[in-house]
Novice: 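Before anything else, here's the structure in question.
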Amino acid sequence: MGIENKNMHIEIVSIEENKQLECVEKCENSNDCGKIGYLNLGTRNAAGVSLSHVYLIVQNTSDENLDIEYNKFTAIDNDGFSYKGCDFGCEYYAKSKFYNVGHYSLPPKVKVRFLVMFQSKRISRIIYEDSYPDFYFSIDVDNISNSKKVSIESLKQEIYNKNDLIKRLKSELERNREELKNSQEELKEVSEELNTFQRVLKERGGWSETIKRRREDLLIKYEIVEDDDYYRMISLEKEDTVSFHREFDKTKGNYNWINEGDALISLKADNAFGYNMDGRTIIKSPVSGIFEFNNNKMIGYKEEICRIKKYSMEMKDRIIEDLEKKEIKENVYKKERKKILERQVLDELIEEGKVFNAYTKKDGNRTTIPMDIANAVWNRDGGKCCICGSRDNLEFDHIIPISKGGATTFRNLQILCKNCNIRKSDNI
């Protein structure tokens, strides 16, 4: 059944009411689809979404292009409620049925298959309304023959889809059978290994003895080598590198002193996984003394883990005092060296003309005038020599020299050029 005017002709091919979308079978993105989201149904998953499908043939009988759009169609259900065409613009879905969807620019004298979908579960009437080319039609669906409500074309397509699904299911079933066969073979091998393990376990006296032996196998292997000054821990792990964590008092004032018999370090294998599998091993100190090491990670076979410089307990206080003095000396040396370097740098900056707010203290060392005082004096004297007015080779001058008790203050400072400063010094 069709409706036409001088510009266009519309024919309803078939109607499938409240039909579940076939996206689940056709599209890998059906569980999170933006096109489904546009329907405003509160989901982006095509599973469970049903829409009424109306298949049309639209012919342009005019001499101009016509725009066919989904929202120009309205469906009326059995209770009289109206539903606009859905914004379901998935071209892949429509093309699989050889139809267009959403909108289509139809050239003159040309037909197009067009699919419109509605959220109504039943359809009693279809309305099309277009302000241009001033076209309106309304057709009762009950007047459409039953053969058009489910078209032969759609049935063929559905059969094709079902056959494709059956083919994929058969392929998946065959794959699952092969995997099941492999799993059964693996299960048989595991069962044989388990029976062998249980028999050996019974011969060795049960679980507790086996676990004890297994834990001993997992412990980190090492040896202790002694020379005149040190006890050295050496790794004997051939298959893996080891790392350690110090277990004794690591506070600064202790200076790595360790007592004989105290927990020294805990060793672990680097590439093992799980606490019970990493061979975590506690080593106790064989002697009192100072703990030393070069590296505590990725220690290889026959490499030194750590060492203890041997001292008797009677020497502890003296050794720690000597280490403390050594540390103090190093700190004092660093501070004094920094002062020397700062003086050298200051002299260089003065020679280069990059610093001129400097003066020589009574002890002969140079230092700089505080910036707040230097800025105040500079602004007061206008940035020029107070004697000759020159703006070149300027220096800060103590009016009463430092050697005669003058202070580095705003009142006792003035700006002089280098020549005037030399002449003033000659006259003092």
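Position 1 is the first residue of the sequence, and the numbers go up from there.
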Novice: Measure the spacing between CZ of Arg337 and CD of Glu330 and express it to the nearest 0.5 Å.
Specialist: 14.0 Å
Novice: For the residue pair Arg246 and Asn256, confirm or rule out a side-chain donor-acceptor distance under 3.5 Å.
Specialist: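 Arg246 vs Asn256: donor-acceptor pair found between side chains.
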Novice: Over 60° means perpendicular and under 30° means parallel, so classify the ring planes of Phe114 and Phe73, tilted if in between.
Specialist: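 It falls in the parallel class, under 30°.
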Novice: Return yes if some donor-acceptor pair links the side-chain N/O of Asp227 with the main-chain N/O of Tyr230 below 3.5 Å, else return no.
Specialist: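 Yes, because the side chain of Asp227 sits within donor-acceptor range (under 3.5 Å) of the backbone of Tyr230.
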Novice: Should Leu21 and His53 count as side-chain neighbours, where that means a heavy-atom distance under 4.5 Å?
Specialist: yes
Novice: Does atom NZ (Lys111) have a neighbourhood of more than 12 heavy atoms from anything else shown, all under 6.0 Å?
Specialist: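 No, the 6.0 Å shell around NZ holds no more than 12 heavy atoms from other groups.
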Novice: Taking the side chain as every heavy atom from C-beta outward, state whether Leu264 and Lys284 have any pair of such atoms under 4.5 Å apart.
Specialist: no
Novice: Enter the distance from Lys310:NZ to Glu260:CD here, rounded to the nearest 0.5 Å.
Specialist: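 So the gap between those two atoms works out to 11.5 Å.
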Novice: Answer yes or no: is there an ion pair linking Glu395 with Lys418, defined by an N-O contact shorter than 4.0 Å?
Specialist: no
Novice: Using a 3.5 Å distance criterion without hydrogens, assess whether the side chain of Glu324 forms a donor-acceptor pair with backbone atoms of Gly253.
Specialist: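 Such a contact is absent between Glu324 side chain and Gly253 backbone.
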Novice: Is the shortest side-chain heavy-atom distance between Val58 and Leu66 below 4.5 Å?
Specialist: no
Novice: Can you list the steps and then say if Leu56 with Glu11 is a side-chain contact (heavy atoms from CB on, under 4.5 Å)?
Specialist: CA-CA 6 Å; Leu56 306 167; Glu11 178 183 357; over 6 Å; no
Novice: Please determine whether a side-chain nitrogen of the Lys or Arg among Glu321 and Lys325 lies less than 4.0 Å from a carboxylate oxygen of the Asp or Glu.
Specialist: yes
Novice: Should Asp164 and Arg168 count as an ion pair when the cut-off is N to O under 4.0 Å?
Specialist: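 Between Arg168 and Asp164 there is a salt bridge, with a charged N closer than 4.0 Å to a carboxylate O.
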Novice: Are Thr409 and Ile373 packed together at the side-chain level, in the sense that at least one heavy-atom pair is separated by less than 4.5 angstrom?
Specialist: no
Novice: Identify the two heavy atoms, one from Ile123 and one from Glu17, that lie closest to each other, and give their separation to 0.1 Å.
Specialist: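 Here Ile123 and Glu17 meet closest at N-OE2, 3.0 Å.
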Novice: Between the main-chain N or O of Asn375 and the side-chain N or O of Asn379, is there a donor-acceptor pair closer than 3.5 Å?
Specialist: yes
Novice: Find out whether Val110 and Val112 are in side-chain contact, i.e. whether some heavy atom of one side chain is under 4.5 Å from a heavy atom of the other.
Specialist: no
Novice: Quick one: pull up NZ in Lys181 and CD in Gln184 and give me the separation to the nearest 0.5 Å.
Specialist: 9.5 Å
Novice: Could you state the interatomic distance from CE (Met233) to CZ (Phe291), rounded to the nearest 0.5 Å?
Specialist: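 Nearest 0.5 Å value for the CE-CZ distance: 8.5 Å.
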Novice: Do you know which two heavy atoms are closest between Ser266 and Ile282, and how far apart they sit?
Specialist: CB-CD1, 3.4 Å
Novice: Whether the Glu314 and Ser312 side chains hold a donor-acceptor pair (N or O, under 3.5 Å, no angle test) is what I'd like checked.
Specialist: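 Yes.
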Novice: Please name the pair of heavy atoms, one in Ile320 and one in Asn254, separated by the smallest distance, quoted to 0.1 Å.
Specialist: CD1-O, 3.9 Å
Novice: Please confirm whether the backbone N or O of Lys238 pairs with a side-chain atom of Lys221, one donor and one acceptor, at under 3.5 Å?
Specialist: no
Novice: Which pair of non-hydrogen atoms, one from Gly383 and one from Arg391, has the smallest distance, and what is that distance?
Specialist: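 In terms of heavy atoms, the two residues are closest at O-NH1, 3.2 Å.
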Novice: What pair of heavy atoms forms the shortest contact from Thr281 to Tyr222, and how long is it?
Specialist: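 Heavy atoms only, the tightest pair is CG2-CE2, 4.4 Å.
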Novice: Checking ring-ring contact (aromatic ring centres under 6.0 Å, His included) between Phe88 and each of Tyr93, Tyr70, Tyr38, which is the one that passes?
Specialist: Tyr93
Novice: Of all heavy-atom pairs between Leu106 and Asn60, which one has the smallest distance, and what is that distance?
Specialist: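 Distance-wise, the nearest heavy atoms are O-ND2, 3.1 Å.
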Novice: Does the Asn412 side chain pair with the main chain of His398, one donor and one acceptor, at a distance under 3.5 Å?
Specialist: no
Novice: Between Arg232 and Glu292 (salt bridge meaning N to carboxylate O under 4.0 Å), is one present in this structure?
Specialist: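 Result for this pair is no, no salt bridge flagged.
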Novice: Kindly say whether Ile258 contributes a backbone atom to a donor-acceptor pair with the side chain of Asp262 at under 3.5 angstrom?
Specialist: no
Novice: What is the distance from atom SG of Cys386 to atom CZ of Arg380, rounded to the nearest 0.5 Å?
Specialist: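 Nearest 0.5 Å value for the SG-CZ distance: 6.5 Å.
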Novice: Between Lys170 and Ile166, is the side-chain contact (heavy atoms from CB on, under 4.5 Å) condition met? List the steps.
Specialist: CA-CA 6 Å; Lys170 283 183 178 180; Ile166 291 171; 3.8 Å; yes
Novice: Given 3.5 Å as the limit, does a donor-acceptor pair link the side chain of Ser52 with the main chain of Asn18, or not?
Specialist: yes
Novice: Is the backbone of Leu416 close enough, under 3.5 Å, to the side chain of Asp397 for a donor and an acceptor to pair up by distance?
Specialist: no
Novice: Using modelled atom types and a 3.5 Å cut-off, is there a donor and acceptor pairing between side-chain atoms of Lys424 and backbone atoms of Ile399?
Specialist: yes
Novice: Test side-chain contact (heavy atoms from CB on, under 4.5 Å) on Leu51 and Leu39 and set out the steps.
Specialist: CA-CA 10 Å; Leu51 299 173; Leu39 297 175; 4.1 Å; yes
Novice: For the pair Ser183 (side chain) and Glu179 (backbone), establish whether a donor and an acceptor sit closer than 3.5 Å, ignoring hydrogens and angles.
Specialist: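 Yes; at least one donor-acceptor contact below 3.5 Å.
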Novice: With a 4.0 Å cut-off, would you call Asp77 and Arg122 a salt bridge?
Specialist: no
Novice: Quick one: do Thr241 and Ile299 satisfy side-chain contact (heavy atoms from CB on, under 4.5 Å)? Show the steps, please.
Specialist: CA-CA 5 Å; Thr241 58; Ile299 302 168; 5.8 Å; no
Novice: Please tell me if the side chains of Cys33 and Arg44 come closer than 4.5 Å, counting only heavy atoms from C-beta onward.
Specialist: no
Novice: For the CE atom on Met313, are there more than 12 heavy atoms of other groups (residues, nucleotides or ligands in this structure) within a distance under 6.0 Å?
Specialist: yes
Novice: Measure the spacing between CD1 of Ile415 and CD1 of Ile387 and express it to the nearest 0.5 Å.
Specialist: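 It is 12.0 Å, given to the nearest 0.5 Å.
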Novice: So, using side chain to side chain contact (heavy atoms under 4.5 Å, CB included) as the criterion, who are the partners of Leu323 when residues are at least two apart?
Specialist: Tyr255, Ile290, Ile319
Novice: Is there a side-chain contact between Asn419 and Cys385, using heavy atoms and a 4.5 Å cut-off?
Specialist: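 No, side chains not in contact.
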Novice: Which of parallel (below 30°), tilted (30 to 60°) and perpendicular (above 60°) describes Tyr311 and Trp257?
Specialist: parallel
Novice: Heavy atoms, side chains only, cut-off 4.5 Å: are Asp67 and His103 in contact?
Specialist: no
Novice: With sequence neighbours left out, write down each residue that passes side chain to side chain contact (heavy atoms under 4.5 Å, CB included) with Val332, or none if nothing qualifies.
Specialist: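 Scan of Val332 (side chain to side chain contact (heavy atoms under 4.5 Å, CB included), adjacent residues dropped) gives Ile328, Glu336.
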